[in-house]
Amino acid sequence: MQKRTRLRACWFTCLGLVLSLSLRAYAQEDFSERARHIFELTNQDREARSLQLLHWNAALAAAAQAHAERMAVEGYLSHDYPGEENLAERAAQAGSHFQAIAENIATGYSESAIEAEWMHSALHRTNILDPRMDAIGVGVVERHGTLYAVEDFADASQAFTPQQVERKVGALLRDEGIDPSAPRDAAELACSSNGGYPEGETGKLVVRFDTPDLTQLPGGVMSRIRGGSYRRASVAACPNEGRQNSFTTYRVAIVLY
């Protein structure tokens, strides 16, 4: 009798908490033929609809493989087992940086059967064909003839250093006619505090914000900047200590003169 394929999916777009957890390395060159097959089938489904192909992400694969192994031990499908972190936390702990993340899980008798079932499920198909996603990691475990499969998708983002963040924000300020070359000390003090002006600061405006997107300034920041006649700025980036940062976000302070 043909075995039935069971599957579930989930999607996260909010920030998650990073906890320290060591995950087994799962390098690209070591991923299994079963995982490779699902990876290829997924990209075939995207290519058939003229979507960009997903690139393999070793950190996502580490998280997916660890969860597939947990699924095989538990013997039932779940995205969050008791005592286990959620998807965003698992991926972040494995070293992934992302702005959106999603997951498909399933059990079945072959990789092609699992992929076909995913594509016949609206939620799973949405994850596979999501145009925002550009990275994937796949984990597969076989237990007593049953495959436990996990594919984790992400809109992967590069993790920038504070200096890179400051340069990018500075370029955005230049686009607004503001010179960002004022000494960064003032903004650094502002970045490390939760509100108000740094002691002794003579700037006209201090703005602080968290953002995952360094291609543009947040709308609220833009409206405040454009609402005044500012010529120079001090810019600093600082760690998101004590904040939810499973998703790649940057904390920035700008002092405007």
Side-chain angles (χ1 to χ4, degrees), residues 9-32 35-36 38-47 49-68 79 85-105 115 118 123-140 149-165 167-169 172 210-216 218 237 239-240 243-252:
C10 71
W11 181 57
F12 290 78
T13 54
C14 60
L15 298 182
L17 174 65
V18 174
L19 303 174
S20 60
L21 177 69
S22 174
L23 287 174
R24 178 174 58 85
Y26 193 64
Q28 178 172 353
E29 60 269 21
D30 293 333
F31 70 94
S32 70
R36 183 191 302 274
I38 290 178
F39 169 56
E40 292 171 348
L41 290 171
T42 297
N43 266 336
Q44 288 172 17
D45 287 327
R46 289 177 67 91
E47 185 176 26
R49 292 154 180 84
S50 301
L51 295 169
Q52 68 170 337
L53 299 184
L54 302 170
H55 67 264
W56 183 265
N57 183 291
L60 289 175
Q65 182 66 17
H67 191 65
H79 291 286
E85 294 78 9
N86 66 33
L87 167 61
E89 292 164 354
R90 296 195 306 267
Q93 290 160 11
S96 182
H97 301 279
F98 45 86
Q99 296 182 13
I101 193 164
E103 180 173 82
N104 285 348
I105 61 177
E115 181 70 15
W118 277 335
L123 183 55
H124 297 84
R125 184 172 62 251
T126 296
N127 286 341
I128 290 171
L129 303 180
D130 190 336
R132 299 172 308 159
M133 301 302 184
D134 59 13
I136 187 174
V138 181
V140 182
V150 178
E151 55 181 4
D152 289 344
F153 306 89
D155 174 4
S157 58
Q158 181 179 353
F160 295 109
T161 65
Q163 293 76 22
Q164 290 173 318
V165 173
R167 286 196 292 271
K168 288 180 176 294
V169 172
L172 295 173
D210 299 283
T211 182
D213 184 3
L214 295 175
T215 64
Q216 60 184 350
N240 259 326
R243 294 172 179 268
Q244 294 179 318
N245 55 1
S246 295
F247 287 70
T248 303
T249 59
Y250 305 97
R251 179 162 172 76
V252 179

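Counting begins at 1 with the first residue of the sequence.
R90 contributes a side-chain N or O that, together with a main-chain N or O of E85, makes up a donor-acceptor pair within less than 3.5 Å. A donor-acceptor pair under 3.5 Å is formed between the side chain of E89 and the backbone N or O of N86. With hydrogens and angles disregarded, a donor-acceptor distance shorter than 3.5 Å links the side chain of H55 to the backbone of D134. No side-chain donor-acceptor contact under 3.5 Å links E47 to the backbone of L53. Under a 3.5 Å cut-off, the side chain of N127 and the backbone N or O of N104 do not form any donor-acceptor pair. Side-chain atoms of R46 come within 3.5 Å of backbone atoms of Q52 as a donor-acceptor pair (strictly under, hydrogens ignored). A donor-acceptor pair under 3.5 Å is formed between the side chain of R49 and the backbone N or O of D45.
Using bins of under 30°, 30° to 60° and over 60° for the plane-to-plane angle, the ring pair W118/H124 lands in the parallel bin.
Between E115 and R125 there is no salt bridge, since no side-chain N of the basic residue sits under 4.0 Å from a carboxylate O of the acidic one. Using a 4.0 Å cut-off between a side-chain N of Lys or Arg and a carboxylate O of Asp or Glu, D155 and R132 do not qualify as a salt bridge.
Q216 pairs by the side chain to side chain donor-acceptor pair (under 3.5 Å) definition with D213, not counting sequence neighbours.
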>> Show, in sequence, the C-alpha distance, side-chain angles and deciding distance for I128 and E151, and conclude whether the side-chain contact (heavy atoms from CB on, under 4.5 Å) test is met.
In response: CA-CA 9 Å; I128 290 171; E151 55 181 4; 3.5 Å; yes

> Given F153 and L60, is the side-chain contact (heavy atoms from CB on, under 4.5 Å) satisfied, shown in steps?
Replying inline: CA-CA 8 Å; F153 306 89; L60 289 175; over 6 Å; no

> For N57 and I136, what are the C-alpha separation, side-chain angles and deciding distance, and is it a side-chain contact (heavy atoms from CB on, under 4.5 Å)?
Replying inline: CA-CA 6 Å; N57 183 291; I136 187 174; over 6 Å; no

> Given the rule in the side-chain contact (heavy atoms from CB on, under 4.5 Å) test, do V150 and V138 qualify, once you have shown the distances and angles that lead to the verdict?
Replying inline: CA-CA 6 Å; V150 178; V138 181; over 6 Å; no

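Between F98 and A92, the shortest heavy-atom distance links the atoms CE2-N, 3.9 Å. Closest of all the heavy-atom pairs between L51 and P131 is CD2-CB, 4.1 Å. When all heavy atoms are compared, the tightest approach of A237 to V165 is CB-CG1, 3.8 Å. Scanning both residues, A62 and A94, for their nearest heavy atoms gives CB-CB, 4.2 Å. The minimum heavy-atom distance linking F160 with Y250 is given by the pair N-OH, 3.1 Å. The heavy-atom pair separating L214 from L172 by the smallest distance is O-CD1, 3.7 Å.
With rounding to the nearest 0.5 Å, the separation of CD1 in I101 from OG in S96 is 5.5 Å.
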